[in-house]
Amino acid sequence: MLFNNEAGSVNPKLQNIDQIKREPLAMQIARRLVEYILSGQVEPGDRMPSERQLAEAFGVGRSAMREALKALTLIGLIEVRQGDGTYLK
């Protein structure tokens, strides 16, 4: 029963429904990049595709890709060398 009374107050059990938590786009991209790294297509020291190429391949914007790459840099998986490229550690 949705309503408790004729006044139309909502049943208290329905008021506590948790909102579905959606993972941020950059986190989804980072997870996919980790899968790419673990697939063996790149080895430590290899240069990865450019930010632009990765963004196009994933069908996302460069800012979301940049944020994902920053996350992987912070956890030590990759190294971004300004003007040179992104390398797998």
Side-chain angles (χ1 to χ4, degrees):
M1 181 165 85
L2 288 175
F3 300 103
N4 284 337
N5 57 34
E6 291 179 27
S9 65
V10 177
N11 184 329
K13 291 181 183 178
L14 295 178
Q15 293 176 346
N16 295 325
I17 295 174
D18 292 332
Q19 291 183 356
I20 297 173
K21 299 197 189 251
R22 191 170 148 223
E23 187 175 46
L25 180 59
M27 185 61 68
Q28 293 176 41
I29 297 166
R31 287 184 191 282
R32 297 251 331 262
L33 284 169
V34 169
E35 290 171 8
Y36 167 69
I37 291 167
L38 295 176
S39 73
Q41 294 181 40
V42 288
E43 295 181 10
D46 283 356
R47 185 175 179 184
M48 293 178 57
S50 71
E51 179 184 288
R52 181 182 53 78
Q53 291 170 325
L54 287 169
E56 288 175 3
F58 281 69
V60 297
R62 288 180 65 187
S63 61
M65 181 57 68
R66 192 175 305 116
E67 192 175 336
L69 291 172
K70 183 187 270 188
L72 296 184
T73 301
L74 289 173
I75 62 173
L77 284 179
I78 62 172
E79 178 183 6
V80 178
R81 299 177 193 164
Q82 193 68 28
D84 189 27
T86 303
Y87 294 84
L88 182 60
K89 281 189 166 181

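Throughout, numbering of the chain's residues begins at 1 and tracks the sequence.
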Hydrophobic cluster (4.5 angstrom, side-chain heavy atoms) - remaining members for M27: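 ILVMFWY cluster around M27 holds nothing else.
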side-chain hydrogen bond (donor to acceptor under 3.5 Å, both in side chains) partners of Q53, counting only residues at least two apart: S50
By side-chain hydrogen bond (donor to acceptor under 3.5 Å, both in side chains) - contacts of E51 (at least two apart):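 In terms of side-chain hydrogen bond (donor to acceptor under 3.5 Å, both in side chains), with neighbours along the sequence ignored, E51 is linked to R62, R66.
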Name every donor-acceptor pair, under 3.5 Å, that has one atom in a side chain of residues 68-80 and the other anywhere in the protein, sequence neighbours excluded.
from : atom 1 : to  : atom 2 : distance (Å)
T73  : OG1    : L69 : O      : 2.9

For the student: nearest non-hydrogen atoms of G45 and Y87, plus distance: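 Heavy atoms only, the tightest pair is O-CD2, 3.5 Å.
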Taking every non-hydrogen atom, the tightest pair across M65 and A55: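 Answer, listing the atom of M65 first, then A55: CE-N, 3.8 Å.
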Residue list, salt bridge (charged side-chain N to carboxylate O under 4.0 Å, His left out) with R47, at least two apart or on another chain: none
Co-membership, hydrophobic cluster, residues L88 and L33, 4.5 Å side-chain: yes
A64: partners by side-chain contact (heavy atoms from CB on, under 4.5 Å), with sequence neighbours left out: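 With sequence neighbours excluded, A64 shows a side-chain contact (heavy atoms from CB on, under 4.5 Å) to L25, I29, given in chain and number order.
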Side chain to side chain donor-acceptor pair (under 3.5 Å) pairs, two or more places apart, involving residues 37-46: S39-Q41
Salt bridge (Lys or Arg N to Asp or Glu O under 4.0 Å) contacts in which one or both residues fall within residues 24-37, not counting sequence neighbours: E23-R31
